[in-house]
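Structure record follows, encoded as structure tokens.
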Amino acid sequence: MAEQQRTTPGMRVISRDEWGPDQGFLAGGTWREIVGPRTGAECRGLYDLQFADAGRSVSLTHSSEAAYYLVGGAGTVVHDTSGQASDLTEGSMVHVRPGTPYRLTGSAGTRFVGGPCPAESSLTGAPVVPAPAADVWPEISVHHRDSPGLLVPFISQDARLVVWLGIGAVAANMNYVVLQPGERNKEHVHAYSEDTIHILEGRGTAENVTTGERLQFGPGDTIHIEIGFWHAVAADRGERVISVGGPCPADVDMLRAAGVDVDGIELPPGTELPTAGGLSRR
């Protein structure tokens with residue numbers, strides 16, 4: 001029987017056995033690239049952080065934003081300068097602003113997915129030059145999938161934007177999407193964002209509408225769509241599909257289509273809306 005197709009022009013389904021090797025950033029666990037420089041991604045860095053034993057990461061600092069989702073277990077995110085720690089439980093999402101030194105901790109069995117965006121951002125060792133601060137834009141903020149900032153019904157009946165432009169996340173976004181059996185999101189395109197969809201639960205089909213090709217996926221797979229390719233995801237194999245991820249950088253056109261007054265959103269100092277030329281800085 002022929003091997004199932006996993007790649008089309010502009011779209012790829014990445015399985016666990018294609019992840020990169022452990023990068024050594026976790027004591028008591030592994031840190032592996034799912035989507036990033038080795039897969040050719042430009043905008044999204046997505047890593048698997050798995051704690052086999054209770055432990056913590058090395059000190060992390062990036063020149064860009066980072067976002068994480070806690071898939072299961074419990075842990076903390078710690079500001080490495082102030083020592084302030086925030087508890088994290090299943091469903092927690094973390095947003096870290098540029099230049100912020102931090103660590104992630106986890107109990108045995110805890111798993112995160114996420115990382116810095118854009119993809120080429122250094123995982124560690126970036127200069128500790130904090131981004132311009134404002135009281136409404138903390139260096140580290142914690143959110144939860146059950147308290148979304150925006151619902152986007154054309155993506156699914158239950159599509160939650162949690163780490164998104166409305167909380168000051170310009171480069172690193174994290175959404176939580178549930179597709180009920182038989183549900184398919186409206187085909188769409190991101191003109192200047194890559195879309196990365198990590199499947200937590202369920203089997204379905206990723207549709208490359210631009211080429212007319214269809215790729216099947218299952219739990220643990222990650223769908224990566226390049227900029228400018230029309231696509232859709234369907235829960236067409238009799239199962240509910242749950243995923244995290246989303247477009248990076250923030251897709252301003254999609255937000256406007258969802259009725260968001262994008263121009264009225266206050267952004268963190270030193271940033272402005274992404275454009276077709278990439279992320280802009282004031």
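- The local environment of CZ in Arg56 is sparse, with at most 12 non-hydrogen atoms from other residues, nucleotides or ligands closer than 6.0 Å.
- Across all their heavy atoms, Gly168 and Pro268 have their closest contact at O-CG, 3.5 Å.
- Scanning both residues, Ser141 and Pro138, for their nearest heavy atoms gives CB-CG, 3.9 Å.
- For the atom pair Arg32 CZ and Leu49 CG, the distance stands at 11.5 Å (nearest 0.5 Å).
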Derivation of the side chain to side chain contact (heavy atoms under 4.5 Å, CB included) call for Val262 and Leu273: CA-CA 9 Å; Val262 172; Leu273 296 175; 3.6 Å; yes

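- Classification of Arg240 and Glu201 as a salt-bridged pair holds, one side-chain N sitting under 4.0 Å from a carboxylate O.
- At a threshold of 4.5 Å between non-hydrogen side-chain atoms, the residues Leu215 and Thr205 do not count as touching.
- Residues Leu267 and Leu150 share a single hydrophobic cluster, defined by chaining ILVMFWY side chains whose heavy atoms lie under 4.5 Å apart.
- Contact of the Val35 side chain with the Tyr47 side chain is not registered, since no non-hydrogen atoms from C-beta on lie closer than 4.5 Å.
- Between Gly220 and Trp19 the shortest heavy-atom distance is O-CZ2, 4.0 Å.
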Which donor-acceptor pairs under 3.5 Å do the side chains of residues 21-29 make with protein atoms, sequence neighbours left out?
{"residue": "Asp22", "atom": "OD1", "partner": "Gly24", "partner atom": "N", "Å": "3.0"}
{"residue": "Asp22", "atom": "OD1", "partner": "Trp31", "partner atom": "N", "Å": "2.9"}

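- Under the 3.5 Å distance criterion, the side-chain polar atoms of Glu194 are matched with a main-chain donor or acceptor of Arg44.
- A distance of 9.0 Å separates CD1 in Ile155 from CG in Leu179, rounded to the nearest 0.5 Å.
- Using a 4.5 Å heavy-atom cutoff, the side chains of Met254 and Pro247 are in contact.
- Between the side chain of Ser121 and the main chain of Pro118, a donor-acceptor pair closer than 3.5 Å is present.
- A salt bridge links Arg12 with Glu18: at least one charged nitrogen is closer than 4.0 Å to a carboxylate oxygen.
- In this structure, the side chains of Asp221 and Arg6 come closer than 4.5 Å at one or more pairs of heavy atoms.
- One hydrophobic cluster, built from ILVMFWY side chains closer than 4.5 Å, cannot hold both Tyr68 and Trp137; they sit in different ones.
- Using modelled atom types, one side-chain atom of Ser57 and one backbone atom of Leu104 make a donor-acceptor pair closer than 3.5 Å.
- The shortest distance between side-chain heavy atoms of Ile140 and Val78 does not fall below 4.5 Å.
- Atoms CD and OG, from Gln84 and Ser86 in turn, are 5.5 Å apart once rounded to the nearest 0.5 Å.
- Identified under the ring-ring contact (aromatic ring centres under 6.0 Å, His included) test for residues 227-248, with sequence neighbours left out: His188-His231, His190-His231.
- The two residues Cys248 and Asn173 have their closest heavy-atom pair at SG-N, 3.5 Å.
- Thr89 is listed as a side-chain neighbour of His144, based on a closest heavy-atom distance under 4.5 Å.
- Taking Ile, Leu, Val, Met, Phe, Trp and Tyr as members and joining any whose side-chain heavy atoms lie under 4.5 Å apart, directly or through other members, Ile227 forms no hydrophobic cluster with any other residue.
- A salt bridge links Glu239 with Arg203: the closest approach of a Lys/Arg side-chain nitrogen to an acidic carboxylate oxygen falls below 4.0 angstrom.
- Looking at heavy atoms from C-beta onward, Thr100 lies out of side-chain contact with Thr61 at the 4.5 angstrom threshold.
- Note that the CG atom of Leu88 and the CG atom of Leu70 stand 6.0 Å from one another [nearest 0.5 Å].
- Tyr69 and Val142 end up in different hydrophobic clusters when Ile, Leu, Val, Met, Phe, Trp and Tyr side chains are linked at under 4.5 Å.
- Using modelled atom types, one side-chain atom of Tyr192 and one backbone atom of Val252 make a donor-acceptor pair closer than 3.5 Å.
- Note on residues 71-123: pairs passing ring-ring contact (aromatic ring centres under 6.0 Å, His included), not counting sequence neighbours, are His62-Tyr102.
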CA sep, side-chain torsions, deciding dist, call: His224, Met11, side chain to side chain contact (heavy atoms under 4.5 Å, CB included): CA-CA 6 Å; His224 184 250; Met11 176 184 285; over 6 Å; no

Residues 123-131, side-chain donor-acceptor partners within the protein, below 3.5 Å, at least two apart:
none

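- Connection of Phe154 to Leu151 is not established within any shared hydrophobic cluster, with ILVMFWY side chains joined at heavy-atom distances below 4.5 Å, either directly or through further cluster members.
- Side-chain contact between Ile223 and Thr196: absent, with no pair of heavy atoms (C-beta onward) separated by less than 4.5 Å.
- Looking at every heavy atom in both residues, Cys117 comes nearest to Cys43 through CB-O, 3.3 Å.
- Taken to the nearest 0.5 Å, the CD1 atom of Ile265 stands 6.5 Å off from the CG atom of Leu255.
- Listed for the Glu42 side chain is no donor-acceptor partner under 3.5 Å among the backbone atoms of Ala119.
- The pair Asp236-Arg184 does not count as a salt bridge, with every side-chain nitrogen at least 4.0 angstrom from each carboxylate oxygen.
- In terms of modelled atom types and a separation under 3.5 Å, the side chain of Thr110 and the main chain of Phe51 share no donor-acceptor contact.
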Hey, can you pull the donor-acceptor pairs under 3.5 Å for the side chains in residues 156-166, sequence neighbours left out?
{"residue": "Ser156", "atom": "OG", "partner": "Asp158", "partner atom": "N", "Å": "2.9"}
{"residue": "Ser156", "atom": "OG", "partner": "Asp158", "partner atom": "O", "Å": "3.1"}
{"residue": "Ser156", "atom": "OG", "partner": "Ala159", "partner atom": "N", "Å": "3.2"}
{"residue": "Ser156", "atom": "OG", "partner": "Val178", "partner atom": "O", "Å": "2.9"}
{"residue": "Asp158", "atom": "OD1", "partner": "Arg160", "partner atom": "NE", "Å": "2.8"}
{"residue": "Asp158", "atom": "OD2", "partner": "Arg160", "partner atom": "NH2", "Å": "2.9"}
{"residue": "Arg160", "atom": "NH1", "partner": "Arg145", "partner atom": "O", "Å": "3.1"}
{"residue": "Arg160", "atom": "NH1", "partner": "Asp146", "partner atom": "OD1", "Å": "3.2"}

Trace of the side chain to side chain contact (heavy atoms under 4.5 Å, CB included) decision for His198 with Leu46: CA-CA 9 Å; His198 180 69; Leu46 190 75; 4.0 Å; yes

Check against side chain to side chain donor-acceptor pair (under 3.5 Å), Asp87 and Thr76: CA-CA 5 Å; Asp87 291 335; Thr76 63; 5.8 Å; no

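- Summarising the geometry of Glu207 relative to Arg214, their closest heavy-atom pair is OE2-NH1, 3.4 Å, with the distance given to 0.1 Å.
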Side chain to side chain contact (heavy atoms under 4.5 Å, CB included) between Val170 and Glu65, worked out: CA-CA 8 Å; Val170 179; Glu65 300 171 28; 3.5 Å; yes

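- Note on Val152 and Val244: same hydrophobic cluster, where clusters join Ile, Leu, Val, Met, Phe, Trp and Tyr whose side-chain heavy atoms are under 4.5 Å apart, directly or indirectly.
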From CA spacing to verdict: side chain to side chain donor-acceptor pair (under 3.5 Å), Ser193, Asp251: CA-CA 6 Å; Ser193 307; Asp251 188 331; 4.7 Å; no

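- Note that CG of Asp195 and CD1 of Ile197 are 4.5 Å apart. Values are rounded to the nearest 0.5 Å.
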